[in-house]
Amino acid sequence: MVRIEMALLLIHRPNRLKYVDSGVMPNMTYEGDVLRPGGSEAVRHSETDLKGLKQDFRQLHEKVQRITTEKMQLERELDGLRKTSQRLDEEVKLLRSPPLIIGHLQDLIGEHSAVVRSSNGTVFKVSVNSSIERETLKPGCRVTLNQDSLAIIDVLLDGWDPLITGAEMIERPNVVYDQIGGLDEQIALLREAIELPLEKPELFVAVGIEPPKGVLLMGPPGCGKTMIAKAVAAHSKSTFIRLVGSELAQKYIGEGGRMVRELFALAREKSPSIIFIDEIDAIGAKRLDTATSGDREVQRTLMQLLAELDGFNPLDSVKIIAATNRHDILDDALLRPGRFDRIIEIPLPNEKGRRAILKILISKMSTNRVQIGHLVSSTDGFCGADLKALCVEAGMQAIRCSRGRVRVSDFNSALKTVIKAKQESTTALPAELYG
Ligand code: ATP
């Protein structure tokens, strides 16, 4: 035992060994290789010393373990820092590299040349980076071009225009048919034209007719066109792609047409789907001979839209709903059967309609026995949005008077406010337009 301890001592405390050898511990003698104590005093000394050595050894052992753990931690940290530095180096390299131009491949000429159209429309014959696989280079694909030589550097994956991908509504609107008042007939027509072919196409096959491809909703503003389209989207399990017509009216030649193509391609990929184009008059206005270059681009977009409408099979699971306030200026080509087969008018609500809308709106409010009859008869010429404004205004009156319930008097004073605002409104459309 003593021998082991001494051996350990030799490893960790060489100075102590010197101390033994130099005779400062005179009672220790060697018998051959073995160091033995020489007498009882000497035994006591050596035991105390041994205890001290054991303690030292334990402390040193713990220290070694601590240092080893620390070393491992530091090595791990160093690894992490090396990786971060590599990533930052790459980022710096990317930030320093010049931007590449995006173009479209038009044709391949021989092994190493190609014809490309850059984003500003100019066509160039350029060389092709030899590391690009030939099979990936297909006419029409998007490529990146070097700024100086316009050589093809890389082939880009086909991407959708962000405006088109942004149009896809990931979250379904939460409008239900019950929230729409006075439009039961129109809702039935729309569901028949949009939902039925998507849900039961076999019915149309059996009867041998083609279902409508699209529906055009028209009528004055604020009467619930957007609301109906949202309710269809919420009710059907289809992808809902919503776009405003003006978003398709682009500045550069061919851009609007490309977006329409991408819109329909996205709808086909995500089918069953419903495309909703609000304010379609922005691209669907009558084509005139005296057009500026901007008008001609809008006309090209319209022609692409017509081509897409003609191109898809009525039984395809893509349906299109368009809405407009200005059906009078729409191009006849859009209105002919086979495109928007069903034109549904969403008129200003009549007395029955206003009653239904007010009932829906007031049922959500906390009120004191409101006479709907009086409100219905006093709101002739109000659209759905006006009726909503009336209810909001009445609610505001109650809040102003620190009341939790809306009274008849609140509705009466709100009625005066809304009528006054309507009279002052300069944006009112001529009544005969929808007459
Ligand atoms: P625009 O042509 O200006 O886009 P729109 O016809 O699409 O107008 P919506 O946006 O659907 O009108 O309606 C505006 C608001 O008016 C809705 O949010 C809703 O609160 C209310 N509203 C309109 N019509 C109705 C209706 N029939 N039933 C209940 N609420 C309605």
Side-chain angles (χ1 to χ4, degrees), residues 167 169 172-191 194 214-235 240-249 274-285 320-330 340 343-365 370 372 375-376 379-396 406 411 414-415 418 421-422 425-431 433-434:
M169 292 181 84
R172 261 175 240 291
N174 55 2
V175 179
V176 293
Y177 292 119
D178 289 349
Q179 290 173 352
I180 306 171
L183 296 173
D184 296 343
E185 214 176 291
Q186 286 85 345
I187 290 174
L189 284 172
L190 188 69
R191 294 185 71 171
I194 302 289
V215 173
L216 178 68
L217 305 176
M218 57 174 213
C223 290
K225 297 185 292 296
T226 312
M227 223 179 156
I228 287 197
K230 280 187 181 169
V232 175
H235 196 264
F240 192 64
I241 303 171
R242 185 194 173 178
L243 216 76
V244 178
S246 56
E247 288 175 281
L248 292 171
I274 297 171
I275 302 174
F276 176 53
I277 306 180
D278 209 353
E279 322 290 354
I280 196 169
D281 42 278
I283 54 158
I320 173 161
I321 304 176
T324 180
N325 298 330
R326 299 293 314 268
H327 72 283
D328 56 314
I329 61 162
L330 284 187
F340 289 105
I343 298 176
I344 302 178
E345 197 186 344
I346 314 281
L348 270 180
N350 55 17
E351 207 174 310
K352 201 172 145 211
R354 289 200 301 278
R355 183 179 293 276
I357 298 174
L358 280 169
K359 251 190 193 166
I360 293 170
L361 294 173
I362 293 175
S363 70
K364 290 187 221 154
M365 301 167 71
V370 176
I372 285 194
L375 289 176
V376 172
T379 50
D380 191 21
F382 274 43
C383 65
D386 292 334
L387 295 174
K388 188 177 180 185
L390 169 73
C391 293
V392 172
E393 188 54 39
M396 292 303 294
V406 187
F411 277 100
L415 196 60
V418 176
K422 263 175 81 68
S425 162
T426 50
T427 55
L429 284 166
L433 194 62
Y434 297 99

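Atoms within each ligand, like the ligands themselves, are counted from 1 in listed order.
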List the protein residues in contact with ligand 1, where contact means a heavy-atom separation under 4.0 angstrom. Gln179, Ile180, Gly181, Leu183, Pro221, Gly222, Cys223, Gly224, Lys225, Thr226, Met227, Glu279, Asn325, Ile357, Gly384, Ala385, Lys388
To the nearest 0.5 Å, tell me how far Ile360 CD1 sits from Asp178 CG. 7.5 Å
Partners passing side-chain contact (heavy atoms from CB on, under 4.5 Å) against Glu279 (at least two apart in sequence or in another chain): Val244, Asp281, Asn325
Calculate, to the nearest 0.5 Å, the distance between atoms CG and CD1 belonging to Leu190 and Ile187 respectively. 8.5 Å
Find the distance between CE (Met365) and CZ (Phe411) and round it off to the nearest 0.5 Å. 4.0 Å
Which residue is it: Ile357, Leu189, Ile346? I am looking for the one with a side-chain contact (heavy atoms from CB on, under 4.5 Å) to Leu183. Ile346
Test your reading of the model: is there a side-chain donor-acceptor pair from Arg242 to the backbone of Phe276, 3.5 Å cut-off? no
